[in-house]
Amino acid sequence: MPRGAFMPTETDPPTDPFTHAMALDAADIPRLVRAALADRRTELAYQPVIVARTGATAFHEGLIRLRDHGGRLLPARHFLPGVEETALGRDLDRAALREGLEALRRDPSLRLSINMSARSIGDGRWRRTLEDGLARAPGIGERLVLEISESSAMTLPEVVCRFMAEARPRGVAFALDEFGAGQTAFRHLRDFLFDLVKIDAHFIRGVETDPDNQVLCAALVAAARQFGMASVACGVETEAEARSLSGIGVDCLQGFLWGRPARRPGAARRMPLP
């Protein structure tokens, strides 16, 4: 899920964070991320997840962003591969969780999903952040969804299963992200018992005209339903995709059709796309 960082230089200030990101040397990325985390220049960007049948907002996904000194943000796709498998990746997970728990504490009407890695389960600081946040506001766990990517969950399936069993009594729900893109064995899917699965955007592109994607989406929705899990289609960008996915039986929809992630959670508004 997207994360971002950006720091300008005095000698060559970028016109926008995207231009700067493309110019970053891979060796600079850990340094930039580490500095932003040390200064707590973190915040979440919010993207709504929509109930396909009614158009209501089911919850928001909170996406970690790192902020430069001028307040600008940069999506993580420009640097995440350089830090995701390192200790900095765990630090980003912890920052996202901290920001998410604080947002839930401030807004009792908010329901929020936050991304995490299976490796963060073994991070004592991440676990303390979760425990402290749940303890500060009783009932907050019932509005928290933790998202774990399919590939991450399969690296430590037994650890993930145990953690889910520990957290469920606190009300915490779980989402399996990038469903269909990895290699989840169905025996593990049965053991995990996620509350919802998020179908990878690769299967959503042009689904209204692509018979292969239609069959694959229908199979993924059927598998989720068999195991008692709701389904979310990710990366929905057009009305045609939304209509097709609703017809297939997807429970919820998420994507740029309702706008890019925003700095504050708000009511979903359809964008004027074809």
Side-chain angles (χ1 to χ4, degrees), residues 1-4 29-30 33-34 37 42 44 49 59 61-64 66 76-77 79-101 104 112-134 140-141 143-202 220 223-224 227-232 234 254:
M1 301 285 164
R3 302 177 172 116
I29 291 172
V33 175
R34 192 175 295 110
L37 287 170
T42 61
L44 295 180
V49 176
F59 60 95
E61 180 177 357
L63 304 161
I64 191 66
L66 303 187
R77 61 181 178 273
F79 77 91
L80 183 58
V83 299
E84 188 172 20
E85 298 303 321
T86 71
L88 282 174
R90 310 293 75 75
D91 292 339
L92 287 168
D93 281 351
R94 186 162 56 94
L97 180 61
R98 183 186 66 238
E99 297 285 353
L101 289 167
L104 289 168
L112 190 63
S113 71
I114 298 294
N115 293 280
M116 61 169 290
S117 163
R119 290 186 175 89
S120 290
I121 297 171
D123 182 341
R125 294 179 302 167
W126 187 91
R127 293 292 289 262
R128 285 193 297 274
T129 298
L130 177 63
E131 288 300 320
D132 290 348
L134 295 178
I140 202 173
R143 295 183 286 117
L144 174 64
V145 181
L146 293 176
E147 291 194 23
I148 308 175
S149 72
E150 185 172 344
S151 58
S152 180
M154 287 307 299
T155 62
L156 299 165
E158 291 80 12
V159 171
V160 173
C161 285
R162 284 198 300 271
F163 172 65
M164 292 171 69
E166 294 169 5
R168 281 189 185 283
R170 312 289 294 276
V172 179
F174 290 88
L176 181 63
D177 198 14
E178 300 173 3
F179 185 47
Q183 299 181 9
T184 300
F186 279 97
R187 67 183 180 86
H188 285 304
L189 189 62
R190 179 189 59 202
D191 295 337
F192 282 134
L193 288 179
F194 282 92
D195 297 278
L196 58 102
V197 295
K198 303 185 78 173
I199 299 172
D200 190 74
H202 176 79
L220 293 171
F227 292 106
M229 299 178 291
S231 57
V232 179
C234 296
Q254 180 180 2

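Quick note: numbers below take in every heavy atom, side chains included, and nothing from hydrogens, waters or symmetry partners.
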**Study point:** Nearest-0.5 Å distance, CG of residue Leu97 to CG of residue Leu146
**Key:** 6.5 Å
Practice item. Please lay out, stage by stage, how Leu101 and Asp132 fare under the test side chain to side chain contact (heavy atoms under 4.5 Å, CB included). Key: CA-CA 9 Å; Leu101 289 167; Asp132 290 348; over 6 Å; no
Exercise for review: Supply the atom-to-atom distance Ile140 CD1 to Leu104 CG, rounded to the nearest 0.5 angstrom.
Suggested key: 4.5 Å
Point to revise | Backbone N/O of Gly180 and side chain of Glu150: donor-acceptor pair under 3.5 Å | key: yes
**Study point:** Derivation of the side chain to side chain contact (heavy atoms under 4.5 Å, CB included) call for Arg90 and Trp126
**Key:** CA-CA 8 Å; Arg90 310 293 75 75; Trp126 187 91; over 6 Å; no
Check your understanding: Taking C-beta and beyond as the side chain, do Phe192 and Met154 meet within less than 4.5 Å on heavy atoms?
Key -> yes
Point to revise | CD1 on Ile199 to OG on Ser231, rounded to 0.5 Å | key: 5.0 Å
Review point. Should Arg170 and Leu130 be marked as a side chain to side chain contact (heavy atoms under 4.5 Å, CB included) after you check the CA-CA gap, both sets of side-chain angles, and the distance that decides it?
Key: CA-CA 11 Å; Arg170 312 289 294 276; Leu130 177 63; over 6 Å; no
Study note, to complete from the structure: For Leu37 and Ala95 the tightest heavy-atom approach is CD2-CB, 3.9 Å
**Study point:** Residues in side-chain hydrogen bond (donor to acceptor under 3.5 Å, both in side chains) contact with Arg143, at least two apart in sequence or another chain
**Key:** none
Revision key, fill the gap. Correct closest heavy-atom pair for Glu61 and Leu112 would be C-CD1, 4.0 Å
Review point. Shortest non-hydrogen contact from Phe194 to Ala175?
Key: CD2-C, 3.5 Å
Practice item. Sequence neighbours left out, what passes side chain to side chain contact (heavy atoms under 4.5 Å, CB included) with Ala173? Give chain and number order. Key: Arg111, Val145, Asp195
Review point. Any side-chain heavy atom of Ile64 within less than 4.5 Å of one from Asn115?
Key: no
Check your understanding: About how many Å separate CD of Glu99 and CG of Leu63, when rounded to the nearest 0.5 Å?
Key -> 12.5 Å
Review point. Who pairs with Phe59 by ring-ring contact (aromatic ring centres under 6.0 Å, His included), at least two apart in sequence or on another chain?
Key: none
Review point. Ser120 side chain to Asp123 main-chain N or O, any donor-acceptor pair under 3.5 Å?
Key: no
Check your understanding: Do the non-hydrogen side-chain atoms of Thr42 and Arg98 ever get within less than 4.5 Å of each other?
Key -> yes
**Study point:** Minimum-distance pair of heavy atoms, taken over all atoms of Ile148 and Met116
**Key:** CG1-CG, 3.7 Å
**Study point:** Salt-bridge criterion met for Arg125 and Asp91 (N-O under 4.0 Å)
**Key:** yes
Review point. Which pair of non-hydrogen atoms, one from Leu176 and one from Ala153, has the smallest distance, and what is that distance?
Key: CD1-CB, 4.2 Å
Check your understanding: Is any side-chain heavy atom of Lys198 less than 4.5 Å from a side-chain heavy atom of Phe179?
Key -> no
Check your understanding: Nearest 0.5 Å, what's the OG-CG distance between Ser149 and Asp200?
Key -> 10.5 Å
Practice item. Indicate the atoms forming the closest heavy-atom contact of Ser117 with Ser152, along with that distance. Key: OG-OG, 3.5 Å
Check your understanding: Quick check: does any side chain N or O of Arg127 sit under 3.5 Å from a backbone N or O of Ile121, one acting as donor and the other as acceptor?
Key -> yes
Point to revise | Between CG on residue Leu66 and CG on residue Leu92, distance to nearest 0.5 Å | key: 6.0 Å
